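Here it is: the structure, laid out below.
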Amino acid sequence: MPVFGSSTAADHRFNVNLSILFTELPLLERPAAAAAAGFTAVELWWPWVDAPTPEQSELDALRAAIKDAGVQLTGLNFYAGQLPGPDRGALSIPGEESEKFRANIDVAADFAQSLGCTALNALYGNRVEGASEQEQDELALENLVLAARAADRVGAVLLIEALNAPESPKCPIVSAPKAIEIVDKVNAATGLGNAKFLMDLYHLSMNGEDLPAIIDAYADKTAHVQIADNPGRGAPGTGSLPLDELLDRLKKAGYEGYVGLEYKPGDAPSAESFEWLPREHRAA
């Protein structure tokens with residue numbers, strides 16, 4: 001049954017995160033599956049968790065799958081380690097992970113540019129033993145500056161996302177104000193102004209944050225929104241988050257970007273998890 005009123009559904013552009021939905025299918029089949037479900041826009045975590053610099057043939061195959069499906073790639077993560085899994089990013093972790101992130105920056109940016117994707121998400125990473133918080137934060141700022149410059153080169157924004165403390169206890173970016181602090185630091189360091197907030201309403205609700213207040217305070221610095229219901233991180237309507245009201249509030253606050261569907265589909269095939277959104281409102 002539809003969860004959103006027709007005005008809410010019609011007022012927003014939705015995209016499907018192909019790294020959490022349609023994962024019952026091989027990666028190259030997911031863009032077409034999203035199109036078959038009625039969507040015209042998709043986003044991805046970095047698809048090659050062990051390869052920040054995959055073979056050109058792999059990049060070409062994914063690009064072709066997205067183009068052949070007729071969907072628009074609207075968001076892409078930089079390399080972030082094992083997602084899903086124990087990692088929460090790589091850019092603040094000294095040594096091999098930071099080097100992998102740096103090696104990935106131009107690869108991800110160029111891939112995004114080749115598909116007209118204008119949002120690149122850089123996950124901060126966990127606190128690790130053997131490095132001080134200051135050391136990690138200084139490294140993070142260096143890497144985020146590099147990422148922001150690469151994003152600017154391809155006409156994209158750099159997204160900074162707040163995760164949630166219960167599920168990511170070692171990640172220091174677990175509140176909207178902290179993410180905004182990082183956004184402001186990156187923009188001050190580059191002068192580009194292209195670092196923006198990724199407002200994930202599921203993560204913020206898991207933190208117990210005041211979602212209406214967050215929307216009112218930070219909508220103007222937000223370039224992407226992601227949703228899942230809470231509890232459970234399922235489709236809208238499976239939990240108790242008032243997502244209809246929250247998206248209405250975002251619209252009234254001036255947000256006009258995409259709303260990414262980043263939820264777990266449950267036991268049924270992903271295509272059956274979209275009943276909450278009438279088919280006529282799935283195309284972006």
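Since we're looking at a predicted model, the values are computed, not measured.
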Donor-acceptor pair between S175 and N207 side chains, under 3.5 angstrom: no

- prompt: Do side-chain atoms of R249 reach the backbone of I215 as a donor and acceptor pair under 3.5 angstrom?
  reply: no

Check your understanding: With hydrophobic residues grouped by side-chain heavy-atom distances under 4.5 Å, do L139 and Y79 end up in a single group?
Key -> no

Does V183 share a hydrophobic cluster with L146, counting links as ILVMFWY side-chain heavy atoms below 4.5 Å and allowing steps through other members?
-> yes

**OP:** Using only heavy-atom distances, determine whether the side chains of H224 and E43 contain a donor-acceptor pair under 3.5 Å.
**Re:** yes

Is the distance between the ring centroids of Y202 and Y263 less than 6.0 Å? no

* So, the side chain of D229 versus the backbone of G239: is there a donor-acceptor pair under 3.5 Å, distance only? -> yes

(message) Test your reading of the model: is there a side-chain donor-acceptor pair from T222 to the backbone of Y218, 3.5 Å cut-off?
(response) yes

- Does any N or O in the side chain of D87 come within less than 3.5 Å of the main-chain N or O of Q82, such that one atom is a donor and the other an acceptor? yes

CD1 of I227 to CG of D200, rounded to nearest 0.5 Å, is 9.5 Å

- Message: So that I can tick it off, tell me whether R149 and D152 are bridged by a salt bridge, with the cut-off set at under 4.0 angstrom between side-chain N and carboxylate O.
- Response: no

- prompt: Side chains of S270 and E24: do they bring a donor and an acceptor to under 3.5 Å?
  reply: yes

Donor on one side chain, acceptor on other, Y124 and D137, under 3.5 Å: yes

Review point. Cluster question for you: counting only ILVMFWY and a side-chain heavy-atom cut-off of under 4.5 Å, with indirect links fine, are F39 and L115 together?
Key: yes

Hits for side-chain contact (heavy atoms from CB on, under 4.5 Å) against A284, two or more places apart or cross-chain, chain-then-number order -> R13, T40, A41, Y258

*Is a side-chain donor-acceptor pair under 3.5 Å present for E262 with W45?*
yes

Self-check item: Salt bridge present between E99 and R102 (N-O < 4.0 angstrom)
Solution: no

* Over 12 non-hydrogen atoms of neighbours within 6.0 angstrom of CD in E245 -> no

Requested in this report: Mark yes or no for whether E209, through its side chain, and A176, through its backbone, hold a donor-acceptor pair below 3.5 Å.
Outcome: yes

Item checked: More than 12 heavy atoms of other groups within 6.0 Å of E280 CD -> yes

The side-chain contact (heavy atoms from CB on, under 4.5 Å) partner of F22 among V16, L27, V42, N17 is V16

>> Test your reading of the model: is there a side-chain donor-acceptor pair from N143 to the backbone of L91, 3.5 Å cut-off?
In response: yes

Within one Ile-Leu-Val-Met-Phe-Trp-Tyr cluster: L159 and L250, side-chain cutoff 4.5 Å | no

Quick check on Q134: does its CD atom have over 12 non-hydrogen neighbours (other residues, nucleotides or ligands) under 6.0 Å away?
no

Does N194 use its side chain to pair, donor to acceptor, with the backbone of A148 at less than 3.5 Å? yes

query = Is there a donor-acceptor contact under 3.5 Å from the side chain of S132 to the main chain of E135?
reply = yes

Output for pair (R30 CZ, L44 CG), nearest 0.5 Å, gives 8.0 Å

Quiz item: Between L246 and M206, is there a shared hydrophobic cluster once you connect ILVMFWY residues whose side-chain heavy atoms come closer than 4.5 Å?
Solution: no

